Amino acid sequence: MVSSTILIPLFRHQEISYLKSILLFGILFAIINATLEEVIWRGIMLSSLKRNVSTFYAVVITSIGFGLLHLSIGIPLIISLLFSFGGLFYAIVVLKTNSIYPSIVFHIVINLGMVFNGWII
């Protein structure tokens with residue numbers, strides 16, 4: 001919340017319709033992106049890999065892959081590798097809860113934070 005204050009000067013002189021569109025974009029982006037990434041990485045890939053390799057390797061492979069995926073949108077390598085820790089967290093959540101829904105919710109919250117901090121606009 002505190003780091004979102006970075007955007008306050010940007011929005012101060014904007015019309016209310018512009019602010020609504022940014023809010024709508026942030027919410028839709030967070031929901032769509034988080035759902036698709038979780039379905040692909042934890043729903044499909046993690047569950048498929050678990051059938052062929054150990055759970056440990058399935059988690060490591062999908063976590064690193066998830067992090068490196070972010071290279072394709074221009075995020076530097078070191079930051080992308082740090083995103084792998086997010087993938088690790090999401091994988092653990094899925095394994096502990098035996099459900100993909102909690103990881104989707106966590107991912108939506110993280111994405112909302114990134115949008116409203118100005119990292120994704």
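Being a predicted model, the structure only gives us computed values, none of them experimental. In this chain, numbering begins with 1 at the start of the sequence shown.
Neither Leu88 nor Leu49 shares a network with the other; the hydrophobic side chains, linked directly or stepwise wherever heavy atoms of I, L, V, M, F, W or Y lie under 4.5 Å apart, form separate groups for each. Tracing side-chain contacts under 4.5 Å through hydrophobic residues (I, L, V, M, F, W, Y), one never reaches Leu68 starting from Phe83; they form parts of separate clusters. Criterion: ILVMFWY side-chain heavy atoms under 4.5 Å apart, direct or through other members. Under it, Ile75 and Ile110 are part of a common hydrophobic cluster. Ile92 and Leu81 fall into different hydrophobic clusters, where Ile, Leu, Val, Met, Phe, Trp and Tyr residues are linked whenever their side-chain heavy atoms come under 4.5 Å apart, directly or through other members. Following chains of ILVMFWY side-chain contacts shorter than 4.5 Å, one can reach Trp41 starting from Ile73, so the two form part of one hydrophobic cluster.
Ala91 approaches Ser63 most closely through the heavy-atom pair CB-OG, 4.4 Å. Nearest approach of Val93 to Pro102, heavy atoms of both residues: CG1-CB, 3.6 Å. Listed here is the closest heavy atom pair of Val115 and Gly26: CG1-CA, 3.5 Å. For the pair Thr35 and Ile31, the tightest heavy-atom approach, listed with the atom from each and the gap, is OG1-O, 2.7 Å.
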**Request:** Could you go through the side-chain contact (heavy atoms from CB on, under 4.5 Å) check for Tyr101 and Val105 one step at a time?
**Result:** CA-CA 6 Å; Tyr101 297 113; Val105 171; 5.6 Å; no
**Prompt:** For Leu112 and Phe116, what are the C-alpha separation, side-chain angles and deciding distance, and is it a side-chain contact (heavy atoms from CB on, under 4.5 Å)?
**Reply:** CA-CA 6 Å; Leu112 280 172; Phe116 297 130; 3.6 Å; yes
**Prompt:** Passes side-chain contact (heavy atoms from CB on, under 4.5 Å), Ile100 versus Ser103? Steps please.
**Reply:** CA-CA 6 Å; Ile100 195 169; Ser103 68; 3.7 Å; yes
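Using a 30° and 60° split on the angle between ring planes, Phe25 and Phe29 fall in the parallel class, below 30°. Between His107 and Tyr90, the ring planes are parallel. Angles under 30° get that label, and only those over 60° would be called perpendicular.
Of the candidates Val39, Ile40, Ile61, Ile40 is the only one forming a side chain to side chain contact (heavy atoms under 4.5 Å, CB included) with Met45.
Separating the CG atom in Leu28 from the CG atom in Asn33 is a distance of 12.0 Å, to the nearest 0.5 Å. Here the straight-line distance linking atom CD of Glu38 with atom CG of Leu46 works out to 10.0 Å at 0.5 Å rounding.
Put simply, the side chain of His70 reaches to within 4.5 Å of the side chain of Glu37, judged on heavy atoms. Looking at Lys50 and Leu95, their side chains come closer than 4.5 Å, going by heavy atoms from C-beta outward. Taking 4.5 Å as the limit, every side-chain heavy atom of Thr62 sits out of range of all side-chain heavy atoms of Phe66.
In this structure a side-chain-to-backbone donor-acceptor pair under 3.5 Å is present from Asn52 to Ser48.
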